[in-house]
Amino acid sequence: MAMNLRWLSAGPCWRAVRGACGELRAYGELRAWSPRCAAGRLCRPPGTACGEQSRGLGYGPPVGGGSRLRTRLAAGLAGLVGLAAVAFGHVERAEMVRKSSGAQSASLGRPEEEDDELARRCRCFMAPPVTDLRELRRRPDDMKTKMELLILETQAQVCQALAQVDGGARFSVDRWERKEGGGGISCVLQDGHVFEKAGVSISVVHGNLSEEAAKQMRSRGKLLKTKDGKLPFSAMGVSSVIHPKNPHTPTIHFNYRYFEVEEADGNTLWWFGGGCDLTPTYLNQEDAVHFHRTLKEACDQHGPDLYPKFKKWCDDYFFIAHRGERRGIGGIFFDDLDSPSKEEVFRFVQSCTQAIIPSYVPLVKKHCNDSFTPQEKLWQQLRRGRYVEFNLLYDRGTKFGLFTPGSRIESILMSLPLTAREKIKGKPTFLS
């Protein structure tokens with residue numbers, strides 16, 4: 001019998017484990033995420049290009065309700081990041097393709113620039129950066145440049161790790177453009193040997209903040225200095241939801257983002273947000289300990305108070321109020337992170353992105369070949385129904401995206417599983 005996810009502390013649901021997966025078939029032919037760059041070097045883990053990490057990270061006290069206010073606005077960014085996902089149709093070869101008409105070209109510029117460090121890094125990505133390379137070269141120390149490269153590296157590393165584990169389906173790549181400014185890259189693996197649906201998407205967007213978003217900020221006490229009613233913003237992030245086939249392999253979600261708003265007087269407001277959480281169908285104490293320990297180690301590099309603070313925030317956020325239960329076993333969640341400095345918060349986010357693969361992939365390898373019964377598969381479908389309920393009823397990013405003009409609806413709903421069930425009057429109902 002499955003254990004109610006509200007009671008993680010009540011103990012694990014023990015069962016025999018057949019063991020980890022066997023030898024994984026290499027995917028060297030997938031050019032977009034080849035494990036080696038064109039120069040023959042291994043692609044770096046996300047964010048390793050930056051300097052030494054520092055301790056003592058925190059975030060400033062909210063002013064006039066700013067913490068909740070920025071949480072709502074950054075949730076909008078999560079919706080924008082969701083725009084990066086494609087409708088999950090037939091899985092295609094993972095390669096650097098530009099499906100969207102008018103996709104921006106990442107020009108390398110002069111011949112001497114074609115083999116510089118930035119160009120070599122970009123060859124490891126799933127597709128060229130959203131921002132033109134000439135622009136990235138002009139502002140190498142700008143946080144927008146650093147964050148865009150970080151999310152591109154994160155996307156490539158995660159896609160590489162997932163495809164190697166799956167050994168079946170391949171990632172398709174969709175590089176899209178947003179007419180209001182910016183664009184994104186959506187990577188999708190579907191109907192694989194291990195994963196039913198895996199999406200890893202990035203978006204880099206800019207323009208003017210919508211009036212609705214500005215109203216939400218003002219309603220929470222933030223005074224914004226607009227010019228002619230306009231409020232320029234820049235936002236970028238990486239977002240992913242992974243739904244495995246085996247009911248003993250957990251689902252993972254992560255999202256990391258950066259936001260800037262420029263006021264009329266030239267003052268720039270900035271903050272980071274994000275998190276990572278695990279949703280198992282069957283509780284396994286060893287898996288839960290491994291996942292949380294890995295996230296804690298990443299947080300502890302920057303201060304001992306961060307993990308307990310962000311773990312509680314995650315527990316409170318992923319709560320299905322009408323069911324009286326949590327969506328999964330949590331993880332970390334943070335928003336409005338704007339101190340002590342951009343560089344220190346950025347290094348913290350780097351550490352978080354570097355913890356994604358080691359926190360999750362070992363669990364997939366451990367359980368991907370576990371045997372399961374039809375009843376266990378049914379329970380997985382019912383638990384996915386809870387996942388659907390939360391995302392459609394409570395997730396701020398989903399709601400923000402659905403009510404944003406010009407949104408790509410299929411992309412916003414990328415977090416939903418391919419299949420789910422809901423038990424109505426004693427009989428499971430199929431949802432798809």
Side-chain angles (χ1 to χ4, degrees), residues 1-22 24 157-158 161-162 164-167 192-198 200 240-255 275-300 307-308 310-315 317-320 325-333 351-373 375-384 386-387 390 415 417:
M1 177 179 296
M3 181 179 296
N4 193 312
L5 288 176
R6 283 176 291 179
W7 302 317
L8 175 61
S9 61
C13 184
W14 295 108
R15 56 180 174 74
V17 178
R18 291 176 55 189
C21 296
L24 298 173
Q157 293 286 332
V158 172
L162 296 178
Q164 287 178 338
V165 170
D166 190 88
H193 292 162
V194 174
F195 302 107
E196 179 180 287
K197 177 180 175 182
V200 188
S240 177
V241 179
I242 314 299
H243 292 290
K245 287 186 171 181
N246 194 304
H248 297 296
T249 306
T251 288
I252 192 174
H253 158 263
F254 67 83
N255 175 282
C276 183
D277 62 279
L278 198 71
T279 304
T281 300
Y282 288 92
L283 295 179
N284 182 297
Q285 188 175 38
E286 290 181 352
D287 294 351
V289 170
H290 168 83
F291 181 76
H292 279 274
R293 180 192 295 123
T294 306
L295 297 184
K296 182 178 184 299
E297 290 172 352
C299 293
D300 286 351
Y307 171 76
F310 297 155
K311 178 185 181 299
K312 183 180 185 304
W313 202 337
C314 185
D315 291 339
Y317 178 73
F318 291 105
F319 182 74
I320 308 174
E325 62 188 47
R326 305 194 187 281
R327 190 179 77 174
I329 63 170
I332 58 172
F333 178 86
S351 297
C352 292
T353 62
Q354 292 165 10
I356 296 168
I357 294 174
S359 71
Y360 182 61
V361 170
L363 306 183
V364 178
K365 292 180 178 180
K366 177 181 177 182
H367 296 296
C368 64
N369 283 334
D370 284 1
S371 61
F372 58 88
T373 66
Q375 291 75 21
E376 289 173 327
K377 186 66 177 178
L378 175 61
W379 180 246
Q380 179 194 49
Q381 298 292 297
L382 292 172
R383 291 308 308 174
R384 284 182 176 177
R386 299 291 204 272
Y387 207 93
F390 177 86
S415 61

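Source: prediction; values computed, not measured.
For P247 against T281, the heavy-atom pair with the smallest separation is O-CB, 3.2 Å. Between F254 and V200 the shortest heavy-atom distance is CZ-CG1, 4.4 Å. Nearest heavy atom pair, residue G328 against residue P280, reads CA-CD, 4.5 Å. Scanning both residues, C352 and I332, for their nearest heavy atoms gives SG-CD1, 4.0 Å. Here the shortest heavy-atom pairing between A298 and A355 reads CB-CB, 3.9 Å.
Scored by the ring-ring contact (aromatic ring centres under 6.0 Å, His included) test, Y387 finds H243 as partners (sequence neighbours excluded). With sequence neighbours left out, the salt bridge (charged side-chain N to carboxylate O under 4.0 Å, His left out) criterion links K377 to no other residue. Applying the side-chain contact (heavy atoms from CB on, under 4.5 Å) test to D315 and every residue at least two apart in sequence or in another chain returns K311, R326. Looking at residues two or more places apart in sequence or on another chain, you find no ring-ring contact (aromatic ring centres under 6.0 Å, His included) involving Y307. Residues meeting the side chain to side chain donor-acceptor pair (under 3.5 Å) test with K245, sequence neighbours left out: none. With sequence neighbours excluded, the residues that form a side-chain contact (heavy atoms from CB on, under 4.5 Å) with V361 are A161, V165, I357, K365.
The OG1 atom of T251 lies 11.0 Å from the NZ atom of K197; values are rounded to the nearest 0.5 Å. We find the CD1-OG1 distance between I356 and T294 to be 12.0 Å, quoted to the nearest 0.5 Å. Taking CD1 from I242 and CG from D166, the interatomic distance works out to 10.5 Å, rounded to the nearest 0.5 Å.
The aromatic rings of F318 and H253 stand perpendicular to each other, their planes meeting at an angle above 60°, with 30° marking the opposite boundary.
By the 4.5 Å heavy-atom criterion applied to side chains, F333 and D277 are not counted as neighbours. Put simply, the side chain of Y360 reaches to within 4.5 Å of the side chain of L278, judged on heavy atoms. Inter-residue side-chain proximity for S240 and N255 is flagged as unmet; no heavy-atom pair is nearer than 4.5 Å. Under the 4.5 Å side-chain criterion, counting only non-hydrogen atoms from C-beta, C276 is in contact with F291. Between V364 and V194, some side-chain heavy-atom pair lies under the 4.5 Å cut-off. With contacts defined as side-chain heavy-atom distances shorter than 4.5 Å, the pair K366/N284 qualifies.
Applying the side-chain hydrogen bond (donor to acceptor under 3.5 Å, both in side chains) test between H248 and each of H367, E376, Q380 identifies E376 as the sole match.
A donor-acceptor pair under 3.5 Å is absent between the side-chain atoms of D370 and the main chain of N246, judged by distance alone.
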Legend entry - Audit row: R384, E196, side-chain contact (heavy atoms from CB on, under 4.5 Å) steps and yes/no: CA-CA 12 Å; R384 284 182 176 177; E196 179 180 287; 2.8 Å; yes

Legend entry - side-chain contact (heavy atoms from CB on, under 4.5 Å) between D287 and I329, intermediate numbers included: CA-CA 10 Å; D287 294 351; I329 63 170; over 6 Å; no

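A distance of 6.0 Å or more separates the ring centres of F310 and Y317.
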